[in-house]
Amino acid sequence: MGNKPTIAISHLGCEKNRIDSEHMLGLLAKAGYPVDNDEELADYVIVNTCSFIQAAREESVRTLVELAEANKKIIISGCMAQHFQDELLTELPEAVAIVGTGDYQKIVEIVERVETGERVKEVSADPTFIADENLPRYRTTSEGVAYLRVAEGCDYRCAFCIIPQLRGDQRSRSIESIVAEARQLASQGVQELILISQITTNYGLDLYGEPKLAELLRALAEVDIPWIRVHYAYPTGLTPKVIEAIRESPNVLPYLDLPLQHSHPDILRGMNRPWQGRVNDGIIERIKQAIPNAVLRTTFIVGFPGETEEHFSHLLEFVKRHEFDHVGVFTFSAEEGTAAFDLPDPVPQAIMDERRERLMLTQQPISERKNQAYIGQTVDVLIEQENPETGELIGRSARFSPEVDGLVYVTGEAILGAIVQVRITAADTYDLYGEIV
């Protein structure tokens, strides 16, 4: 055997997909493959694709076509590989392998087979795999931050969502396995752990017969990591037990990411989330009472089929009333293979765009006011980047999650990956500005 081929990963999609990319990099590096960030220099490029909505697929396809035009040997992995395996093999002769969402752990063997000239299709129809702390992993996030997957897949069947078909039903890791990985990450200097899955409040249901997020948080509170953040917490799963665990675990941030999607019971029923319809207001009030310093983030879909101006006004009022810290707004994307694909009364794209704009304009002054309340305060900031030109540092306070929320621009001296105290001197709608104390 001569030298092993060089491999690069082009990563698209969410942070759950990112963990899959990190495991593939870790496995390849361990097997002695040179891993290169530069796609131009690599012999193979693994494109880890996203298939969540049309826009994400278009981005994945653009990346594939560009690499194909550059005569790269392409290995297609991720959600789009799971979703469109046969079409991709037919349309892209440059694709030497297709790897499903439950099959990325076989990447070394797949590359070996491709090297013998085989065109490999390794796609489990119903993905059941979930990696544990023993599968090699090469982190691609900044030094201070790591995503930690507590479960994979989802048992819910929301009408707009294709994910269960692409990632399978929920399967949770044991508390012991998650804590073991958290300890490994702590020993690597990680300051912030972000717990992710498709629905983190249901963590453990499949394994233990009941949700165990409260127990998991208490176990992780023993690990020496300053910040633990929970993503994708469905409001119905924020039971008094979970709220108490958040309150009593000093390193679990009071940051709650609630993917509410809408406020109107009719639309929530149409979305096949009827369990949520009657409880939004009550649950949010309860959370605010139980955790007065809670930072609330949520996401909404506007333009779901049948959404009237009245339904939309209900959502606007809801956003005004609850004053979330951070709000993301998406326009509805009709996905083939989901229940919402054939629903009557589609909302025209122009109206969807206009509603998205109105909702964001309603939220902006709320976000700005919340940010301005921090002027004059001293807060902990995790420093993540340095601008080599100006020496300015960029980081996040506990209020901001990576990628989706704001940043803190900081003057002064600090080590990358450290948490430092910063006095906030200015604020705008999305970001804060300050100086190291």
Side-chain angles (χ1 to χ4, degrees), residues 9-26 46-64 76-84 99-105 127 129-131 135 137-142 145-156 158 160-173 181 192-203 229-234 255-261 297-301 326-333 335 337-338 396 400-405:
I9 288 198
S10 173
H11 168 82
L12 300 145
C14 66
E15 61 280 39
K16 294 168 282 281
N17 212 26
R18 176 175 296 283
I19 291 178
D20 302 345
S21 292
E22 293 178 349
H23 282 305
M24 286 192 282
L25 284 167
I46 299 172
V47 183
N48 201 5
T49 56
C50 178
S51 200
F52 186 45
I53 54 174
Q54 185 59 32
R57 281 197 291 278
E58 285 165 6
E59 186 190 4
S60 294
V61 168
R62 265 199 309 279
T63 306
L64 290 167
I76 309 176
S77 67
C79 281
M80 208 169 162
Q82 187 75 27
H83 202 168
F84 296 108
V99 184
T101 58
D103 305 276
Y104 60 88
Q105 71 281 10
F129 180 75
I130 181 166
L135 197 73
R137 178 175 172 194
Y138 176 89
R139 290 208 334 278
T140 58
T141 44
S142 71
V145 182
Y147 290 104
L148 180 53
R149 175 159 45 202
V150 301
E152 171 66 279
C154 187
D155 294 340
Y156 286 165
C158 298
F160 51 81
C161 183
I162 192 87
I163 293 300
Q165 284 155 262
L166 307 184
R167 295 247 166 202
D169 287 335
Q170 178 172 313
R171 47 207 185 269
S172 302
R173 294 167 60 180
E181 188 173 3
E192 175 180 18
L193 269 191
I194 303 177
L195 306 187
I196 60 168
S197 71
Q198 269 68 29
I199 166 163
T200 309
T201 28
N202 272 5
Y203 162 73
R229 190 185 301 275
V230 179
H231 270 207
Y232 312 111
Y234 278 65
Y255 176 101
L256 294 172
D257 166 43
L258 317 164
L260 295 175
Q261 313 306 358
R297 157 173 197 88
T298 188
T299 44
F300 295 114
I301 295 171
H326 312 290
V327 173
V329 188
F330 298 91
T331 55
F332 173 73
S333 171
E335 295 304 311
T338 64
R396 287 177 297 105
F400 297 143
S401 201
E403 314 278 338
V404 289
D405 300 330

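What you see is a predicted model, and the numbers here were worked out from it, not measured in a lab.
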Taking the side chain as every heavy atom from C-beta outward, state whether [X] and [Y] have any pair of such atoms under 4.5 Å apart.
X      : Y      : answer
Gln198 : Asp169 : no
Tyr104 : Ile46  : no
Arg167 : Cys79  : yes
Thr299 : Gln261 : yes
His23  : Ile19  : yes
Asp20  : Asn48  : yes

Holding to salt bridge (charged side-chain N to carboxylate O under 4.0 Å, His left out), I want the full list of residues that pass it with Arg18, two or more places apart in sequence or in another chain.
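Arg18: no salt bridge (charged side-chain N to carboxylate O under 4.0 Å, His left out) contacts found.
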Under the salt bridge (charged side-chain N to carboxylate O under 4.0 Å, His left out) rule, collect the residues that match up with Arg396, sequence neighbours excluded.
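Arg396 satisfies salt bridge (charged side-chain N to carboxylate O under 4.0 Å, His left out) with Glu192, Glu384 once adjacent residues are dropped.
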Using the rule given for side-chain contact (heavy atoms from CB on, under 4.5 Å), can you reason through Val61 versus Met80, listing the C-alpha separation, both sets of side-chain angles and the distance that settles it, and then say yes or no?
CA-CA 9 Å; Val61 168; Met80 208 169 162; 3.4 Å; yes
With sequence neighbours left out, write down each residue that passes ring pair (Phe, Tyr, Trp, His ring centres under 6.0 Å) with His326, or none if nothing qualifies.
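Counting only residues at least two positions away or on another chain, His326 forms a ring pair (Phe, Tyr, Trp, His ring centres under 6.0 Å) with Phe400.
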With Tyr255, which residues qualify under ring pair (Phe, Tyr, Trp, His ring centres under 6.0 Å), at least two apart?
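With neighbours one apart ignored, the set is empty.
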Spatial distance of atom OG (Ser21) from atom CE (Met24) [nearest 0.5 Å]
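So the OG of Ser21 and the CE of Met24 are separated by 5.0 Å.
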Nearest 0.5 angstrom please: Cys158 SG to Ile301 CD1, how far?
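Output value for this atom pair is 8.5 Å.
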Under 4.0 Å between a Lys/Arg side-chain N and an Asp/Glu carboxylate O for Lys16 and Glu152?
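No.
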Just by distance, with hydrogens left out, do Thr63 and Ser60 show a side-chain donor and acceptor under 3.5 Å apart?
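On atom types as modelled, these side chains do not qualify, holding no pair under 3.5 Å.
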So, His11 versus Thr140: side-chain donor-acceptor pair below 3.5 Å or not?
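Short answer, no.
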Whether the side chain of Glu335 engages the backbone of Cys161 through a donor-acceptor N/O pair (distance < 3.5 Å, no angle test) should be reported.
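Side chain of Glu335 to backbone of Cys161: no pair is present.
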Sequence-distant partners of Glu403, side-chain contact (heavy atoms from CB on, under 4.5 Å), two or more places apart:
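Glu403 satisfies side-chain contact (heavy atoms from CB on, under 4.5 Å) with Tyr147 only.
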side-chain contact (heavy atoms from CB on, under 4.5 Å) partners of Gln105, counting only residues at least two apart
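Partners of Gln105 under the side-chain contact (heavy atoms from CB on, under 4.5 Å) test: Phe129, Leu135.
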